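Presented below is the structure to which this report refers.
Side chains included, hydrogens not; waters and symmetry mates left out as well; all remaining heavy atoms used. Predicted model only: the values in this text are computed from it and were never measured. Here is how names work: the chains are called A, B, and so on, in the same order as the sequence lines, proteins then strands, and each is numbered from 1.
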Amino acid sequence: VVTYNSLVNGLCKNGRVDEAWMLMIDKGFSPNVITYSTLISGLCKELRVDEAMKCLHEMIQLGLRPHTIIYNSLIDGLGKTKRLESAKQLLEKMVLSGCKPDIVSYNALIHGISREQGVSEALKLFDSVLKRGYEPEVPTYNILIDGLLKEDRVTEAFELFSGLMKGGLEPDAITYTVFIDGLCKAGRVDDALLMLKDMDEKGCAPDVVSHNAVINGLCKEKRVDEAEALVSSMEARGCSPNAISFNTLICGQCRVGKWKKAMATFKLMVKRGVTPTVVTYNILVDGLCKAKQVDEARELLSTSGFLADVVSCTSLINGFCKEGRITEAITLFDAMVDKGRVPDVVTYSALIDGLGKAGRLEDARLLLEAMEAKGCVPNVYTYNSLISGLCGLEKVDEGLELFVAMVEKGCVPD
RNA sequence: CGUCAUUUGCCUGAU
C-alpha cells in the first residue's frame with residue numbers, strides 16, 4: 001500500500017489525478033487514509049470538488065476516518081468554487097464526526113466568505129472564532145487585511161495590522177505584499193515603494209510577488225519607465241522576473257501606446273527563458289485591437305499556439321465594435337459560442353455597447369435578455385452601455401425605464 | 001521516525 005500510495009502521490013503532483021483515480025479503482029490494494037488524503041487534496045487543488053466529495057463519502061463508507069487536513073482541503077475547495085453553504089455544512093459535519101476544526105479550517109472559510117459575501121461578513125466569523133478561543137495566525141490576518149484593502153478600507157486594514165502585532169505575531173512577506181498591492185490599487189504607489197524598502201529593512205525580503213505588485217501599480221499610473229527599471233533591477237535583488245512581471249510591464253507599455261517597447265519587452269522575456277502565457281498573448285492581442293489592428297491581433301493569436309479564450313475573444317469583439325465592424329463582432333461572438341466558449345458579462349457588455357453605438361438598440365436589448373436567460377447577470381457597465389445607447393437616440397424614456405429596472409434588480413447605478 | 005496532505009499576496013478583456 002505504501003508503494004502504491006507513492007505512485008498515487010506522484011501522479012497527483014503531475015496533475016494526473018485521473019490516472020491516480022483509475023489506479024485506485026484498479027483494486028488489488030485497499031486504499032488507506034493516506035491514499036484518500038493524496039487524492040482529495042489533489043482534486044481540490046484542481047477545483048474538482050464534486051469528485052473530492054465523492055472520495056470523502058467513499059472513504060467513510062469503507063470505515064476510514066477522515067482527518068482535519070482532509071476536511072480543510074474540501075472546505076477550501078468548496079469556498080473557491082463559491083459553494084459557501086456546502087463549506088459551512090462540511091464544517092458542521094466535521095464537528096459532528098468528532099473532528100475538531102482548527103484555525104486553518106476557519107482561515108479557508110473566512111477567505112471564501114470574504115470573497116463571496118464581503119469582508120464584513122468574514123470579520124463577523126473572525127470575531128466568533130476568537131470568542132471560541134481560537135488563536136488567529138498570520139494567514140488569518142493576511143486574508144482579512146487583503147479583504148479590507150480590496151474594499152478600499154485602508155484605515156481598518158492598518159488597524160487589523162496593529163491587532164496582529166499586539167497578538168505577538170510577526171508580519172510576513174505576504175502581509176507586506178498585501179499592503180503593497182492594496183496601496184497601489186488605492187493610487188498610493190509611492191507609499192507602496194516605501195513599504196517595499198521598509199519590509200526589506202525589517203528583515204522580510206521582498207519576493208517576486210512584492211515586486212510585481214509595485215510594477216503593476218507603476219504601470220497603472222502610466223509610470224512605465226520606472227516599472228521597466230524595476231524589472232531590470234529586481235534580478236540583482238534576488239528575484240528573477242517571472243511571466244507575471246513581464247506581462248504586467250508589457251500591458252503597461254501597451255496602455256501608453258508604446259507598442260514597440262512592448263514588443264521589445266516580449267522579446268526580452270523570451271530571451272530570458274520566461275515562457276509567455278495565454279495572458280501574455282491576450283495583452284498583445286488587446287494592445288493590437290486598441291491600436292485598430294484587429295486583423296493583426298487575430299493573426300498573432302492564431303500563431304501563438306494558444307486557443308482563444310473568453311478574454312481574447314472579448315478583446316477582438318470589442319476591437320471589431322470600435323472599428324465599426326459590428327457584423328464581424330457578431331460573427332465572432334457566434335463562433336465562440338459554437339466552440340463552447342462561454343461568454344461572460346464583459347463579453348456581453350462589449351457587444352451590447354457595440355450594438356448600441358451602431359444604433360441597433362433592439363438587438364442590444366435582445367442580447368441583454370439572452371444573457372439573463374443564460375444566467376449571466378448584467379452589471380452596471382452593461383446597463384450603462386444600453387442606457388447611453390437609448391438616450392443617444394433620444395429614447396430617454398426607455399432609458400429611464402431600464403434605469404428603474406436595473407435598480408429593481410439590485411444593480412447599483414454609478 | 002517507510003508513503004500523503006490543508007489556509008493568505010502579483011498580470012489580461014467591457015461603459
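Scored by the salt bridge (charged side-chain N to carboxylate O under 4.0 Å, His left out) test, K150(A) finds D146(A) as partners (sequence neighbours excluded). Contacts of Y381(A) classified as ring pair (Phe, Tyr, Trp, His ring centres under 6.0 Å), with partners at least two apart in sequence or in another chain: none. D295(A) is linked by a salt bridge (charged side-chain N to carboxylate O under 4.0 Å, His left out) to R325(A), counting only residues two or more places apart in sequence or in another chain. Checked against ring pair (Phe, Tyr, Trp, His ring centres under 6.0 Å), Y141(A) has the following partners two or more places apart in sequence or in another chain: F126(A).
A sub-4.0 Å separation between OP1 or OP2 of rU15(B) and a side-chain N or O of K357(A) is absent.
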Revision key, fill the gap. Applying the Watson-Crick and G-U criteria (both distances under 3.5 angstrom) with [ ] for crossing and | for other-strand pairs, one obtains for RNA chain B ...............
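In this structure, R360(A) and I330(A) have side chains that are in contact, with non-hydrogen atoms separated by less than 4.5 Å.
Distance N32(A) CG to rA5(B) C1': 12 Å, rounded to the nearest Å. Atom C1' of nucleotide rU6(B) and atom OH of Y106(A) are separated by 15 Å, given to the nearest angstrom. Summarising the geometry, the separation between CG on L169(A) and C1' on rU7(B) is reported as 15 Å, rounded to the nearest angstrom. Whole-Å rounding puts the Y348(A) OH to rU15(B) C1' distance at 18 Å.
Within the nucleic acid shown, S73(A) comes within 4.0 Å of sugar-phosphate atoms alone, with no base atom in reach, counting heavy atoms only. Within the 4.0 angstrom heavy-atom criterion, no nucleotide atom of any strand lies near H211(A).
Partner C44(A) forms a side-chain contact (heavy atoms from CB on, under 4.5 Å) with one of I75(A), L74(A), T81(A) and no other, that one being L74(A).
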Practice item. Start with the C-alpha distance between L90(A) and M53(A), add both sets of side-chain angles, then the distance that settles side-chain contact (heavy atoms from CB on, under 4.5 Å), and finish with yes or no. Key: CA-CA 10 Å; L90(A) 189 61; M53(A) 286 298 284; 4.3 Å; yes
Study note, to complete from the structure: For nucleotides 8-13 of chain B, 5' to 3', base contacts (B), sugar-phosphate-only contacts (S) and non-contacts (-) with protein non-hydrogen atoms under 4.0 Å give BBBBBB
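The base of rA5(B) does not come close enough to the side chain of N72(A) for any donor and acceptor atom to sit less than 3.5 Å apart.
Between the side chains of N212(A) and N242(A), a donor-acceptor pair is found at a separation under 3.5 Å.
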